[in-house]
Amino acid sequence: MLLQPDSQFDPHLEMLRLGAEHEDIEARDIVVTLASGGALVTGTLVSTETWERLHLRELGDHDDTLRKVARYAIEHRDQAAEEGRRHRKVDRRFLHLTDVTYRTGHASTTLPTWRGTIASVSGWTLGEPEKS
């Protein structure tokens with residue numbers, strides 16, 4: 001059983017998250033639409049590691065201070081990987097998406113990445129809404 005019966009997580013959404021986290025399953029290109037905080041969030045599920053790499057790259061695209069922080073974090077992450085310390089426990093509370101469209105009412109915004117708690121998801125579906 002993936003989850004304990006008293007878990008607050010949707011077991012079907014948790015299966016998708018697990019698929020994205022484990023490279024041996026090769027769950028790729030899984031597009032989901034999540035209802036969260038009154039908005040629809042559509043994107044491709046990715047692992048924590050993939051999201052982290054993309055997020056650090058985004059930080060590096062900003063001002064000098066954030067670029068320094070990102071460079072330090074990337075170097076630290078790479079050093080940890082070389083020393084075999086990279087495999088840390090994944091925080092199951094979060095979902096990670098790339099190529100995101102965030103919709104509220106008639107407005108929509110695109111984002112390169114998104115991280116949100118599974119607990120904040122009130123509903124979800126595979127795929128994306130049709131354009132009208």
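Positions are given from 1 along the sequence.
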According to a 4.5 Å side-chain heavy-atom criterion applied to Ile, Leu, Val, Met, Phe, Trp and Tyr, with indirect links allowed, do L40 and V32 form part of one hydrophobic cluster? no
Identify whether I30 and V41 are in the same connected component of the hydrophobic contact network (ILVMFWY, side-chain heavy atoms under 4.5 Å). yes
Mind listing the closest non-hydrogen atom pair of T104 and A39 along with its distance? CG2-CB, 3.5 Å
With sequence neighbours left out, the residues meeting side-chain hydrogen bond (donor to acceptor under 3.5 Å, both in side chains) with T44 are none
Quick one: side-chain contact (heavy atoms from CB on, under 4.5 Å) partners of S122, sequence neighbours excluded? A35
How many angstroms lie between CG in L13 and OG1 in T125, if you round to the nearest 0.5 Å? 11.0 Å
In this structure, CG of L95 is separated from CZ of R17 (nearest 0.5 Å) by 7.5 Å
Contact summary for S47 and A20, nearest pair of heavy atoms: CB-O, 3.1 Å
Pairwise distance CG(L45) to OG1(T50) - rounded to 0.5 angstrom: 11.0 Å
Are L111 and L97 joined in one hydrophobic group, where the rule is that I, L, V, M, F, W and Y side chains link up if heavy atoms are under 4.5 Å apart? yes
Could you check whether any side-chain heavy atom of E49 comes within less than 4.5 Å of a side-chain heavy atom of H96, counting everything from C-beta outward? no
Lys/Arg N to Asp/Glu carboxylate O, E14 vs R92, below 4.0 Å: yes
Check side-chain hydrogen bond (donor to acceptor under 3.5 Å, both in side chains) between R103 and all other residues, then give those that pass, not counting sequence neighbours. T42
Check against side chain to side chain contact (heavy atoms under 4.5 Å, CB included), E52 and R115: CA-CA 10 Å; E52 185 179 74; R115 174 180 166 116; over 6 Å; no
Same cluster or not: L16 versus W114, using hydrophobic residues (I, L, V, M, F, W, Y) connected whenever any side-chain heavy atoms lie under 4.5 Å apart? yes
Suppose we screen for side-chain hydrogen bond (donor to acceptor under 3.5 Å, both in side chains). Which residues come up paired with E58, at least two apart in sequence or across chains? T113
With sequence neighbours excluded, tell me which residues meet side-chain hydrogen bond (donor to acceptor under 3.5 Å, both in side chains) with S108. none
Could you list the cluster mates of V46? Members are the ILVMFWY residues connected by side-chain heavy atoms closer than 4.5 Å, either directly or through other members. W51
Quick check: do L54 and P112 have side-chain heavy atoms less than 4.5 Å from each other? no
